[in-house]
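In what follows, every heavy atom counts, from backbone to side chain, and hydrogens, waters and symmetry copies are set aside.
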Amino acid sequence: VDVAGALARPGVRATVVYGGIIELSRRPFGSLTFTLQGGDREIDAALADLRELTDVTEHPVKEEV
């Protein structure tokens, strides 16, 4: 899965903040956590590309007071 390629769009900056791989039933299983910076349209388009390749779970950013 080309995660970096799916997120490589003009106007989007993706930063890995966590990643891990474990073995389940002798098969690798992993996850990556990214922060995405950019315009809403650009980020939505990057996430749409990524959803075609893998599962995506979004966590909204809490607004600072």
Open item on the list: How long is the straight-line distance from OG1 of Thr33 back to NE2 of His59, given to the nearest 0.5 Å?
Closed with: 7.0 Å
Open item on the list: Quick one, Leu50 and Val3 - any side-chain contact, counting heavy atoms below 4.5 Å?
Closed with: yes
Open item on the list: Restricting to non-hydrogen atoms, name the atom on Ala6 and the atom on Leu53 that form the minimum distance, rounded to 0.1 Å.
Closed with: CB-CD1, 3.8 Å
Task: Nearest heavy atoms of Phe34 and Val17, plus distance in Å - done: N-CG2, 4.3 Å
TODO: Run the salt-bridge test on Glu58 and Arg51 with the 4.0 Å N-O cut-off and return the result as yes or no.
DONE: yes
TODO: Answer yes or no: is there a side-chain heavy-atom contact under 4.5 Å between Arg9 and Ile43?
DONE: no
- [ ] May I ask you to test the Leu47-Leu36 pair for a side-chain heavy-atom distance under 4.5 Å?
- [x] yes
Open item on the list: Surrounding CD1 of Ile21 (heavy atoms of other residues, nucleotides or ligands, distance under 6.0 Å), is the total greater than 12?
Closed with: no
Open item on the list: What I'd like to find out is whether the side chain of Leu32 reaches to under 4.5 Å of the side chain of Tyr18, using heavy atoms alone.
Closed with: no
